[in-house]
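Shown next, in structure tokens, is the structure this report addresses.
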Amino acid sequence: MTLFHAASNKVSSQNTVETRLKIQRLLEPTLVVSLSAGSDVIKGLTQTPKFLPPRYFYDDFGSELFEQICALSEYYLTRTETAILQQYAGEIAQITGSCELVELGSGSSTKTRILLDAYYQFGYSLRYVPIDVSAGMLESSARHLLTDYPTLQVHALAGTYEMALTHLEPTQFPTRMICFIGSSLGNLNPQECDVFFSQITNTLEVGEYFLLGVDLQKPKHLLEAAYNDSQGVTAAFNINMLQHLNRQFEGDFDTTQFEHWAFYNETENQIEMHLRSLRSQTVQLRSLNLNVHFEAGETILTEISRKFEINFIQQELKAKGLVPQTVWTDPNQWFALLLCQLQP
Ligand SMILES: C[S@@+](CC[C@H](N)C(=O)[O-])C[C@H]1O[C@@H](n2cnc3c(N)ncnc32)[C@H](O)[C@@H]1O
């Protein structure tokens, strides 16, 4: 792990940004190869059926593609959650007051700006702690925020949710809010979700907050359109995971020999995104010392995106002591934002 304050030999307006920015890298590239990242790839590609953790979508190019997905007309999630935040960010700020805002999977922090604006409007001071596995996107978003919000302090953590939550320092602010928006909870299966909620509970002090954005159940055609957009951006995002693995693990995936496949599994209430092998082939990941054989038509599950019922998710949260104080939704009830408070 390294900790550094970005270099400060620039002009004075830049200095202000540099002194307000702290970046902590929890994943060193060399460690990524030799430790946790490699082992999850080996595990996923040696099981039947094969799977890969969705965090491998997010190299720099994957993060850019995700931003393009957010702007697609079929991808209702971002605009719906944005509208909810625009309507209720003021209420959120009034409930928590001045706080340390920790965001898991912050990406471009675009929606976070709505929250920051609301806190500043009420004159509340803030410290922002974005956490993301995509280090390039994390740093560039932090710098843009610091330029646009001249009194903001940012302590960015580059790493996985699990690692970063264990590296949070005690807050100097009256309270803390961990924010997990963008429907990312849906990427966790029920067991992972259970472990994740326990980690949130263990990280927060009693009385502190958890803001969660979840996608809700809706007609299948709307869901399937969102993950099979007409411009093929989601397909490119899915395929890019193989490029990422090629780079990171000296792989030789031929990306022209896999195709994107996404559908709604109505039994599990989840979108499943797969990569399907177009022929019988063997792929090598040299730095992992791994050869993987694919039959023609065989798939790798790259993401689930669970779609929730509000009552169900409220019960799950309550069972962990994360008691929903307010639940906001949109007129179609497509998406929900839950503000929970940790109770003893
Ligand atoms: C679906 S995007 C959401 C981005 C943003 N929060 C939003 O609402 O638009 C998920 C983000 O989480 C990051 N991410 C995915 N898995 C992660 C993990 N296990 N640990 C940390 N960050 C992760 C990705 O790099 C990406 O920026």
Side-chain angles (χ1 to χ4, degrees), residues 1 3-6 16-26 85 88-132 138-139 141-159 161-182 196-213 317 320-326 328 337-344:
M1 180 183 77
L3 173 62
F4 64 88
H5 290 266
T16 330
V17 167
E18 305 303 334
T19 53
R20 288 180 290 123
L21 174 62
K22 187 159 109 176
I23 303 174
Q24 199 171 342
R25 294 183 189 277
L26 307 176
L85 276 168
Y88 300 110
E91 270 186 54
I92 296 169
Q94 279 184 302
I95 292 171
T96 70
S98 180
C99 77
E100 180 174 277
L101 176 60
V102 177
E103 183 171 9
L104 301 173
S106 48
S108 64
S109 300
T110 305
K111 278 176 280 182
T112 320
R113 287 170 177 259
I114 303 167
L115 285 169
L116 297 182
D117 289 342
Y119 280 90
Y120 280 116
Q121 213 173 354
F122 286 106
Y124 295 136
S125 55
L126 270 187
R127 184 175 191 239
Y128 180 48
V129 182
I131 292 168
D132 206 292
L138 182 75
E139 179 166 353
S141 312
R143 288 183 181 281
H144 282 122
L145 284 178
L146 287 165
T147 306
D148 295 345
Y149 295 86
T151 60
L152 187 66
Q153 303 277 341
V154 175
H155 178 181
L157 295 171
Y161 312 136
E162 304 77 33
M163 293 175 76
L165 283 172
T166 63
H167 281 83
L168 289 181
E169 294 163 359
T171 182
Q172 309 298 316
F173 280 76
T175 194
R176 179 180 263 166
M177 177 166 75
I178 298 180
C179 189
F180 195 39
I181 57 177
F196 174 77
F197 281 163
S198 294
Q199 200 178 4
I200 298 293
T201 300
N202 294 334
T203 305
L204 292 174
E205 301 287 336
V206 169
E208 293 185 338
Y209 297 92
F210 179 48
L211 181 69
L212 177 66
L317 288 160
K320 297 285 179 186
L322 296 164
V323 180
Q325 303 297 298
T326 316
W328 297 281
L337 200 58
L338 300 97
L339 182 63
C340 310
Q341 194 172 27
L342 182 65
Q343 309 222 330

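- Here T201 pairs with K320, L322, L342 under the side chain to side chain contact (heavy atoms under 4.5 Å, CB included) rule; sequence neighbours left out.
- Using modelled atom types, no side-chain atom of Q341 and backbone atom of L339 make a donor-acceptor pair closer than 3.5 Å.
- Residues satisfying the salt bridge (charged side-chain N to carboxylate O under 4.0 Å, His left out) criterion with R127, sequence neighbours excluded, are E100, E169.
- For the ring pair (Phe, Tyr, Trp, His ring centres under 6.0 Å) test, no residue two or more places apart in sequence or in another chain qualifies with F197.
- Side-chain contact annotation: Q153 with Y128, donor-acceptor N/O pair under 3.5 Å absent.
- Taking all atoms of both residues into account, the shortest heavy-atom contact from S141 to G107 is OG-O, 3.0 Å.
- Between F180 and Y161, the ring planes lie perpendicular to each other; the angle is over 60°, past the 30° to 60° tilted range.
- Judged purely by atom type and a 3.5 angstrom limit, D132 uses its side chain to pair as donor or acceptor with the backbone of S106.
- Side-chain contact between L168 and L157 is present, with heavy atoms from C-beta onward closer than 4.5 Å.
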Would L101 and C179 count as a side chain to side chain contact (heavy atoms under 4.5 Å, CB included) if you check the C-alpha gap in whole Å, the side-chain angles of each, and the deciding distance to 0.1 Å?
CA-CA 7 Å; L101 176 60; C179 189; 4.0 Å; yes
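- In this structure, D117 has no salt bridge (charged side-chain N to carboxylate O under 4.0 Å, His left out) partners at least two apart in sequence or on a different chain.
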Can you check side chain to side chain contact (heavy atoms under 4.5 Å, CB included) on W328 and L338, steps first, answer last?
CA-CA 6 Å; W328 297 281; L338 300 97; over 6 Å; no
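- With contacts defined as side-chain heavy-atom distances shorter than 4.5 Å, the pair Q343/Q325 qualifies.
- Under the side chain to side chain contact (heavy atoms under 4.5 Å, CB included) criterion, S98 pairs with Y124, S125, F173, P174, not counting sequence neighbours.
- Just one residue in the list I200, V129, I181 forms a side chain to side chain contact (heavy atoms under 4.5 Å, CB included) with L104, and that residue is I200.
- Residues meeting the side-chain hydrogen bond (donor to acceptor under 3.5 Å, both in side chains) test with K111, sequence neighbours left out: E81.
- The only option from T171, V102, T203, T96 that meets the side chain to side chain contact (heavy atoms under 4.5 Å, CB included) definition with E208 turns out to be T171.
- Between the T147 side chain and the V17 main chain, no donor and acceptor come within less than 3.5 Å of each other.
- For the 3.5 Å distance criterion, the side chains of H155 and Q24 qualify, holding a donor opposite an acceptor.
- At least one side-chain heavy atom of L317 sits less than 4.5 Å from a side-chain heavy atom of F210.
- Within the 3.5 Å criterion, the main-chain N or O of T16 finds a donor-acceptor partner in the side chain of R20.
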Tell me, with the steps shown, if L211 and I178 meet side chain to side chain contact (heavy atoms under 4.5 Å, CB included).
CA-CA 6 Å; L211 181 69; I178 298 180; over 6 Å; no
